[in-house]
Number of protein chains: 2
Amino acid sequence: MSGVNERAHKAAHRTPDYTSSGPGDLSVHRMPGHFIRRLQQVAVRLFGDCVGPELTPVQYAALCAIAQTPGAGQAALAALIGYDRATIGGVIDRLEQKGWVARSGSPEDRRLNLLSITPDGQAALARAAPAVLAVQDKLLEPLDQQEREAFERMCLKLLAHHLG
Amino acid sequence: MSGVNERAHKAAHRTPDYTSSGPGDLSVHRMPGHFIRRLQQVAVRLFGDCVGPELTPVQYAALCAIAQTPGAGQAALAALIGYDRATIGGVIDRLEQKGWVARSGSPEDRRLNLLSITPDGQAALARAAPAVLAVQDKLLEPLDQQEREAFERMCLKLLAHHLG
DNA sequence: TACGATCTGTATGCATACTGTCAATATTGC
DNA sequence: GCAATATTGACAGTATGCATACAGATCGTA
């Protein structure tokens, strides 16, 4: 058993709205915003199931970005993956506690916490990578190749519009 | 100015990954799970911008479900919209504080908190409804009609697979 | 009818998220 | 060079979201 999000999962089984949809339904069950919330829920649960509890989706993204952009400050890192400055601090705290990330001050700009990934962090990242890729695959499992590409293209289009 | 999610919004403007995408990128910027997280972020920000701070997306969904399913307990309500039993308590607390929802015990089953919407709650719901519909429209703005239908269909397909 | 299994709401703890605010520090305009 | 401005990281406060645990209530069944 996965154990992740068991109650909301069981709850969803009783929701009749994702298999048959009556017309004239003004509730949240017909709103794209609600779909996205539910998909996010599904994605997080899949991540927990496949990767394990040592690393959350948020922590994986941060670790990944730190590995790819060594020497960035917290604000720059947050900018890369779309986090809030107020949130990233706690995320890095937890990664630092695990010994996967190191903070070091910058001599040039004493406001900055330069971030770098440790060898242990590299190992954790490498360990998690296959499972993370598996999550993406499972997430889009019910879609055929063409649909997957269309879905990703539309997501990017939406993001480019709203963020770009 | 909206003021909602300003820091992450500004941050996103500096992210180069949603307009041009280089090949061989193993980071989170090519992962559907990350897209969904970002879309959720966008949807919540739009909701705040259009509806205002009096009502969160979560609270709207709960209020909506209570209005449509009078006399349900908290667990039943949570099941309807895919919340956790532990989370819904706090959501209802806040709706109750605003005087939009009433809890009342059931004589038949003394475990239950029967939920009902108050006249003030009805008014708040009616007041918010147009803005909530506008959010859905803005969210899918960059997609044409055909794409919107395809996007919603794929979302439902994914949800039916993972939740149904 | 007694008893174990199940369900309900609640509490606690941890992990996001975002707003507002602040102090320290850079940067810029003049 | 110096005052106005912007940036950075931190903190408090609020709101989800989920795991776990618990007490009270109900139900199925022996």
Side-chain angles (χ1 to χ4, degrees), chain A residues 1-11 14 37-38 40-45 47-49 53-62 72-79 81-95 97-98 103 105-115, chain B residues 1-12 14 37-38 40-45 47-49 53-62 72-79 81-95 97 103 105-115:
Chain A
M1 227 75 64
S2 73
V4 181
N5 194 10
E6 204 54 42
R7 289 200 291 240
H9 196 190
K10 269 170 67 180
R14 292 180 220 124
R37 200 191 75 90
R38 300 294 262 133
Q40 158 78 354
Q41 235 175 359
V42 166
V44 170
R45 186 174 69 243
F47 193 99
D49 286 353
E54 320 79 46
L55 198 58
T56 68
V58 165
Q59 287 169 14
Y60 174 80
Q74 293 184 189
L77 177 66
I81 47 183
Y83 289 11
D84 191 274
R85 251 176 36 238
T87 305
I88 202 84
V91 175
I92 295 176
D93 280 348
R94 290 178 277 278
L95 289 175
Q97 275 181 344
K98 294 177 195 174
R103 275 179 168 113
S106 163
E108 289 125 38
D109 188 337
R110 289 194 299 173
R111 295 171 302 179
L112 267 56
N113 276 341
L114 299 187
L115 303 170
Chain B
M1 227 69 65
S2 73
V4 181
N5 195 8
E6 205 52 44
R7 290 201 288 244
H9 195 192
K10 272 171 64 178
R14 293 181 219 122
R37 201 190 75 89
R38 300 293 261 134
Q40 158 77 355
Q41 233 174 2
V42 166
V44 171
R45 186 175 69 242
F47 192 100
D49 285 353
E54 318 80 46
L55 198 59
T56 68
V58 164
Q59 288 168 14
Y60 174 79
Q74 295 184 187
L77 177 67
I81 45 182
Y83 291 8
D84 191 274
R85 238 170 57 233
T87 304
I88 202 87
V91 175
I92 296 176
D93 280 348
R94 290 179 276 279
L95 289 176
Q97 275 182 344
R103 278 178 166 114
S106 164
E108 289 125 38
D109 188 337
R110 291 193 298 171
R111 295 171 301 180
L112 267 55
N113 278 342
L114 300 188
L115 302 171

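Distance from the side chain of Arg110(A) is smallest to dA26(C) among dA26(C), dC18(C), dT12(C). Distance from the side chain of Ala75(B) is smallest for dT8(C) among the nucleotides dT8(C), dA15(D), dA10(D). Side chain of Thr87(A), nearest nucleotide from dA17(C), dC11(D), dC18(D): dA17(C). For Val58(B), whose side chain is taken as the heavy atoms from C-beta onward, the closest listed nucleotide among dA11(C), dT16(D), dC18(C) is dT16(D). Taking every side-chain heavy atom of Asp109(A) into account, dA26(C) is the closest of dT26(D), dA17(C), dA26(C).
Across the interface with DNA chain D, nearest-nucleotide mapping of Arg37(A) and Leu112(A) shows Leu112(A) to be the residue nearer the 5′ end. Taking for each of Glu108(A) and Ala72(B) the nucleotide of DNA chain C with the nearest heavy atom, the 5'-most of the two is the partner of Ala72(B). Sequence order on DNA chain C of the closest nucleotides to Pro107(A) and Gly73(B) puts Gly73(B) first from the 5' end.
A donor-acceptor contact under 3.5 angstrom links the side-chain atoms of Arg111(A) to the base of dT7(D).
Contact between the side-chain N/O atoms of Gln40(A) and the OP1/OP2 oxygens of dT16(D) is not found at any separation under 4.0 Å. For dT16(C), one of the phosphate oxygens OP1 or OP2 lies less than 4.0 angstrom from a side-chain nitrogen or oxygen of Gln59(A). Of the side-chain N and O atoms in Gln41(B), none sit less than 4.0 angstrom from OP1 or OP2 of dT16(C).
Remark: Arg111(A) engages Asp109(A) in a salt bridge (Lys or Arg N to Asp or Glu O under 4.0 Å) (not counting sequence neighbours). Arg37(B) pairs by the side-chain contact (heavy atoms from CB on, under 4.5 Å) definition with Gln40(A), Tyr83(A), His34(B), Gln41(B), not counting sequence neighbours.
If you measure from atom CD of Gln74(A) to atom P of dT16(C), you get 14 Å, rounded to the nearest angstrom. Per the geometry, CZ belonging to Arg45(B) stands 9 Å off P belonging to dC18(C), to the nearest Å. Counting to the nearest Å, the C1' atom of dA17(C) and the CG atom of Leu77(A) are 15 Å from each other.
Here CZ of Arg103(B) is found 9.5 Å from CG of Leu95(B). Values are rounded to the nearest 0.5 Å. Between atom OG1 of residue Thr87(A) and atom CD of residue Gln74(A) there is a gap of 11.5 Å, rounded to the nearest 0.5 Å. Residue Ile88(B) holds its CD1 atom at 12.0 Å from CG of Asn113(B), rounded to the nearest 0.5 Å. How far CG of Leu115(A) is from CG of Leu77(A): 6.0 Å, rounded to the nearest 0.5 Å.
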Grab the N/O contacts between the protein and nucleotides 21-23 of chain C below 3.5 Å, and write none if there aren't any.
{"residue": "dT21(C)", "atom": "O4", "partner": "Arg7(B)", "partner atom": "NH1", "Å": "3.1"}

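At least one donor-acceptor pair closer than 3.5 Å links the side chain of Lys98(A) to the backbone N or O of Glu54(A).
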